[in-house]
Amino acid sequence: MPKLTVHLYGPVPAKFMDLDLEFDGAFNLEMVERRLFEMYGDMIPKDYRTEDDLFNHQLVISGDAKGKRVGYDEKDISHLDAIWFVVPVGGG
Amino acid sequence: MQAKLLRINLTNQTAKIEDIPEDYLRDYLGGAGLAARYLWDEIPAGTDPMGPENKIMFSTGPLNGGSFPTSGRYNVSCLSPLTGIWLDASSSGRYGYYMRRAGLMAIIVEGKAEKPVYVVVNNDQVEFKDAANAWGQTTIAAIKTMQEESGLPKSSVALIGPAGEKQMKLACVMNDDDRAAGRGGAGAVMGAKNLKGILVTGDQAVDFAKADAWKEIVKDFVGKIKENPLTPALHGHGTAVGMAMATQTGDAPTKNWTMGGWDGYMAISGPAMTQTILRKHPPACYACPIQCGRFVEIEEGPYKMKGGGPEYETLGSFGSNCLNDNLASIAFANEVCNEYGVDVISTGSMISWAMECYDKGIITKEDTDGIELTWGNHEAIIALLYKIVNQEGIGKVLGQGARRAAEIIGKGSDAFTVHVKGLEAPMHDPRAFFGFGPTYATSPRGACHCHGYVGGWDGRRGMPEAGVPDEYAQDPHGLSGKGILSKAVQDYCTAIHSSIICLFTTYALGPTELAQALSAATGFDYTAQDVLKIGERVFNLQRAFNNRFGITRADDNLPVRLMTPIVGGPAEGFVPNLEEQLAEYYEARGWEADGRPSQAKLRELGLEFVIGELYA
């Protein structure tokens, strides 16, 4: 059963989360996001979501552990160990 | 609107109060804008930054002194001894609040004291005090000394540490224990004047022109800031949230700006700090609903300390850029910098640069007095830091900043210095967010992320009030529009620095909201476009000041290192298209090809008074 570590840094305000998800078989980015919206959808601000309850990728970056972008066009991302969802914040 | 300026002459130990002309307040606000207007008149070409003729100005603004969110701020301006050009640096805490309660919008310090002094400003009373006890003390102890000696514990002090006393060019002005007007060496100017600090306090009422509207605006804007989704991230994890995101953005410089995809980011991130050394939130900066400050404690070991926690910039400069994933050592370095009063960005940058010099064999253990300056060696980082702040051995060279240090050390070491106009770059990579390219290249104080806080827009949003569409911003590697975005953000941030509030309000408040607040505070009626025009006016006046000191188009550049592709991480292979960006930028600014604001632009902005000198 494929597992994926999800780092959710920013889409849910003040909750920086590292969580493990399991899938029955091959999965893609949309399936991951649907799962996250089932779990945390009511906590995700409207700016960070689309009308279809997926992440607004103009503001939420999705990438692998080395920062390579992950998009909806990849049919199977089960080879990844981890995925990040980040809302960038400029430091000070 | 009425406001007062206190003029202090250290040579004669005299003080006098002046009325600030109303058109200055209307057209330049306060903070950095007011400083630009005064210092254009008072710091002529040829001024020695370390001489008594240089002036240093402390200024707050029309939004300070009440309960407007983040309004404890103040600005410090002078001719920078590090860069030889314009300097403004702002700081949070409470100093700006106390200046207004003392009845002051600004303080100008002139001349040089015969021996070390500090100045006590208590409402309209000004006293020059012998600094025999405070001189030589680190900053937190010196604040206590001045407050106890003056009998004014309810006050705020802007002061220098031992580094400023030694006139080190990376020395900053500190206040409220761990807040810093960090960049550009204003602390060295105070040291050269034999001025340890200025204590301010007062109990005067601060009036806002449209009192009822003001109260409503303050309440509304506090709510807007609290509701912004980024506020809890900053509150929960401090500015160090940025380090946790470096894996995905490539923003944090790593190994002296050469690589991305480092495994150590998370170990020194905000969440790591929260889980390990965070003890509590310190007293927030005055009237701040964000409260991003940290109070950390390391209970044992060589890095035992408690105090202000490291900001993102410290984590970048002493952490990722040195390949150092030891969080305790970074917190300790931060505390040393605060106590000695040095800029964490420039100082950490000098250490990462020295590490590369060591790695390449340009400097050796003989030069470092035995310090093995290998990447990630946190003990060596701290040892070298002490050499810098105490101005010992190679620390004397590094304390002069990247431009001068590379001239002294030579052997091609200038190829990997990372500065613009002599100011070391902050911890944001223009190869990750292209908007930093023109921003760093043109900032009036050198490489700077605050004069154009483009990180709050690039990769996120445009600025509709300035006519900048989202499409110029949302792709951080976009090839068109970054010059225009940079100009708009610089103008807005310059208005923020003149108001004078925290840049973190800009996530929730735009030029429209700033105009509403300024109108209620001053009684002048401003629109969003008026606010952006004020920012543009001040920015161009600062540019004219720099033209006076020799800056031309040739100085608007990025260092070679930032124009070289990075290895690894999400920014791998990207280099900003700087020439095209600057062409956009210059056109948007209305600047001549030689780097001067055009005469037409100067007239449009009401800056006719600089034309005679710039176009003589």
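First the proteins, then the strands, lettered A, B, ... as listed; each starts at 1.
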- [ ] Ignoring hydrogens and angles, tell me if any N or O in the side chain of Q248(B) forms a donor-acceptor pair with the backbone of K66(A) under 3.5 Å.
- [x]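 Checked: no pair found.
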Open item on the list: Treating Q58(A) as the side-chain partner and Q474(B) as the backbone partner, does any N or O pair qualify as donor plus acceptor under 3.5 Å?
Closed with: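 Such a contact is absent between Q58(A) side chain and Q474(B) backbone.
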- [ ] Measure P229(B) against the heavy atoms of chain A and call it side chain, backbone, both or neither at under 4.5 Å.
- [x]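 The answer is both parts of P229(B).
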TODO: Name the region of D458(B), side chain, backbone, both or neither, that has any atom closer than 4.5 Å to a heavy atom of chain A.
DONE: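 Neither part, no heavy atoms under 4.5 Å.
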Given side chains that start at C-beta, do those of [X] and [Y] come closer than 4.5 Å, heavy atoms only?
X       : Y       : result
F16(A)  : S269(B) : no
L59(A)  : R461(B) : no
H237(B) : Y9(A)   : no

TODO: Compare every heavy atom of T247(B) with every heavy atom of A65(A), then report the nearest pair and how far apart it is.
DONE: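 Looking at all heavy atoms of both residues, the closest pair is O-CG2, 3.0 Å.
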Task: Considering all heavy atoms, the nearest A244(B)-W84(A) contact - done: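 Shortest heavy-atom contact: O-CZ3, 3.3 Å.
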TODO: State whether the number of non-hydrogen atoms from other residues, nucleotides or ligands found under 6.0 Å of D81(A) atom CG is greater than 12.
DONE: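 At most 12 heavy atoms, drawn from other residues, nucleotides or ligands, come within 6.0 Å of this atom.
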Part of [X] lying under 4.5 Å from any heavy atom of chain B:
X      : result
D64(A) : backbone
V86(A) : side chain
F85(A) : neither

